[in-house]
Amino acid sequence: MRNEFISEELIQKLKKEQNNLRQKVTITELDISKINIIAGVDVSYFEDKALGVVVVLNKDLELIDVVYSIDKVTFPYIPGFLAFREAPIIFKCFEKLREKNIVPDIVLFDGHGIAHPRGLGIASHIGVLLNIPTIGVAKRKLYGKCVEPKRVGQSTPLFDEEGKIIGYCYLPKKNSHPIYISPGHLSSPETSLEFVKSLIKKHKLPEPTRLAHYYTQKLKENKNI
DNA sequence: GCGACAG
DNA sequence: ATCTTGTCGC
Ligand SMILES: [Mg+2]
């Protein structure tokens, strides 16, 4: 699975797919008071396999469930096309959640929402396909312009080419890099920012995403069992 | 042609 | 993301 084996024709096809799905993304106010089940998603890799994890937390950020799935990698990492690499394994995790009759009220992803060249980061991409509210929480910027916040707790808007706010850059802790928050689907930049801020505890990342990442690393230890 | 470039 | 030990700061 190498970049050189991905033709320019396929890239163009995937871009059209993103531009098509983009039209289904809904940016709207989200009623945080009605959120009781929160999920966090992340994926790790080893050998030629992907290990996806979805953690489920309740309103008080207590871990109530963890599901994971492992499968061969089918697509390389190409900036702007992360969803095509991680969505397959993530969908398998959601199938397992479905079997347990667990349906999150909102899902946080390790990556961007609409703060993407074609407005369809992994959080938006999966949010539309799953028809569920999602938020993207990235550790680095992929698209957009912003002045990085210098004070802890401060946030600055992330703008697209037209000067529209597509998310926020937020500095959560001292001596740490800022994080980028953008709505994926069925949420807004402002609501996403405030909600994510409420999920940040002792670490720079919000609990859902932090725990999901923790388990992607932790579960690799049992890969032989 | 030169940078930017999620995980 | 992954390959990897100690070390600085909270
Ligand atoms: Mg990740």
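Residue numbering restarts at 1 for every chain, and letters A, B, ... go by the order of the sequence lines.
No more than 12 heavy atoms of other residues, nucleotides or ligands sit less than 6.0 Å from atom OH of A:Tyr68. The 12-atom threshold is exceeded at NE2 of A:His203, counting heavy atoms of other residues, nucleotides or ligands nearer than 6.0 Å.
Annotation: proximity of residues 175-192 of chain A to DNA chain B (heavy atom, distance under 4.0 Å) is found for no residue. A heavy atom lying under 4.0 Å from DNA chain B marks the following residues of residues 114-124 of chain A, by number: A:His116, A:Gly121, A:Ile122. Within a heavy-atom distance below 4.0 Å of DNA chain B, no residue of residues 147-169 of chain A is found.
Residues satisfying the side-chain contact (heavy atoms from CB on, under 4.5 Å) test with A:Gln217, not counting sequence neighbours, are A:Ser44, A:His213, A:Lys220. Taking A:Lys202 as the reference, nothing meets the salt bridge (charged side-chain N to carboxylate O under 4.0 Å, His left out) condition, with sequence neighbours excluded. Listed by chain and number, the residues in a side-chain contact (heavy atoms from CB on, under 4.5 Å) with A:Glu29 are A:Ser188, A:Thr191 (sequence neighbours excluded).
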Quiz item: In dot-bracket notation, what is the pairing pattern of DNA chain B, taking Watson-Crick (N1-N3 plus N6-O4 or O6-N4) and G-U wobble (N1-O2 and O6-N3) contacts under 3.5 Å, with [ ] crossing and | for other strands?
Solution: .......

Quiz item: What would the secondary structure line of DNA chain C be in dot-bracket form, counting Watson-Crick and G-U wobble pairs under 3.5 Å, with [ ] for pairs that cross earlier ones and | for pairs with another strand?
Solution: ..........

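Where A:Lys174 and A:Thr216 meet DNA chain C, the nucleotide closest to each residue was compared, and A:Thr216 sits on the side nearer the 5' end.
Contact check for A:Ile102 versus A:Leu97: side-chain heavy atoms found under the 4.5 Å cut-off. A:Val196 places none of its side-chain heavy atoms less than 4.5 Å from the side chain of A:Thr209. With a 4.5 Å cut-off on side-chain heavy atoms, A:Ile6 and A:Phe84 do not count as touching. Side-chain contact between A:Ile135 and A:Ile181: present, with at least one pair of heavy atoms (C-beta onward) separated by less than 4.5 Å. Using a 4.5 Å heavy-atom threshold, the side chains of A:Phe91 and A:Leu130 count as touching.
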List the atom pairs, with distances to 0.1 Å, where a side-chain N or O of residues 30-37 of chain A and a protein N or O form a donor-acceptor pair under 3.5 Å, not counting sequence neighbours.
| from | atom 1 | to | atom 2 | distance (Å) |
| --- | --- | --- | --- | --- |
| A:Asp31 | OD1 | A:Ser33 | N | 3.1 |
| A:Asp31 | OD1 | A:Ser33 | OG | 2.5 |
| A:Asp31 | OD2 | A:Ser33 | OG | 3.4 |

Listed pairs under 3.5 Å, donor-acceptor, residues 142-154 of chain A side chains, sequence neighbours left out:
| from | atom 1 | to | atom 2 | distance (Å) |
| --- | --- | --- | --- | --- |
| A:Tyr143 | OH | A:Glu161 | N | 3.3 |
| A:Glu148 | OE2 | A:Tyr180 | OH | 3.4 |
| A:Gln154 | OE1 | A:Arg151 | N | 3.3 |

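The residue A:Tyr77 sits close to a base: some heavy atom pair falls under 4.0 Å. Among the protein residues, A:Lys139 comes within range of the sugar-phosphate backbone only, with heavy atoms under 4.0 Å from sugar or phosphate atoms but none that close to a base. When heavy atoms are screened at a 4.0 angstrom cut-off, A:Phe81 is found touching base atoms of the nucleic acid. No contact: A:Gly136 has no heavy atom under 4.0 Å from any strand. Counting non-hydrogen atoms under 4.0 angstrom, A:His213 reaches the backbone sugars and phosphates but no base.
The shortest non-hydrogen separation linking A:Val73 to A:Lys49 is CG2-C, 3.7 Å. For A:Pro183 against A:Ile27, the heavy-atom pair with the smallest separation is CG-CD1, 3.8 Å.
At whole-Å resolution of the value, CG in A:Asp110 and P in C:dT2 are 11 Å apart. For the pair A:Tyr214 OH and C:dA1 P, the computed distance is 16 Å after rounding to whole Å. When the P atom of C:dA1 is taken as reference, atom CG of A:Leu51 falls 13 Å away, rounded to whole Å.
In summary, A:Glu162 and A:Lys164 do not engage in a salt bridge, as defined by a charged side-chain N under 4.0 Å from a carboxylate O. Salt bridge A:Lys197/A:Glu194: present, at least one basic N to carboxylate O contact under 4.0 Å. Ionic pairing of A:Lys96 and A:Glu99 is not present here: no N-O contact between side-chain nitrogen and carboxylate oxygen is shorter than 4.0 angstrom.
A donor-acceptor contact under 3.5 angstrom links the side chains of A:Glu86 and A:Tyr45, judged on distance only.
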Quiz item: Please walk me through it: do A:Asp110 and A:Lys139 pass side chain to side chain contact (heavy atoms under 4.5 Å, CB included)?
Solution: CA-CA 8 Å; A:Asp110 178 30; A:Lys139 300 179 288 294; 2.6 Å; yes

Atom pairs under 3.5 Å: protein N/O with N/O of nucleotides 5-7 of chain C:
none

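The only member of A:Glu9, A:Glu8, A:Lys16 that meets side chain to side chain donor-acceptor pair (under 3.5 Å) when paired with A:Gln12 is A:Glu8.
Residue A:Lys173 places none of its side-chain N or O atoms closer than 4.0 Å to OP1 or OP2 of C:dG9.
Taking 4.0 Å as the cutoff to heavy atoms of chain A, we find the contact window on DNA chain B bounded by B:dC5 to B:dG7.
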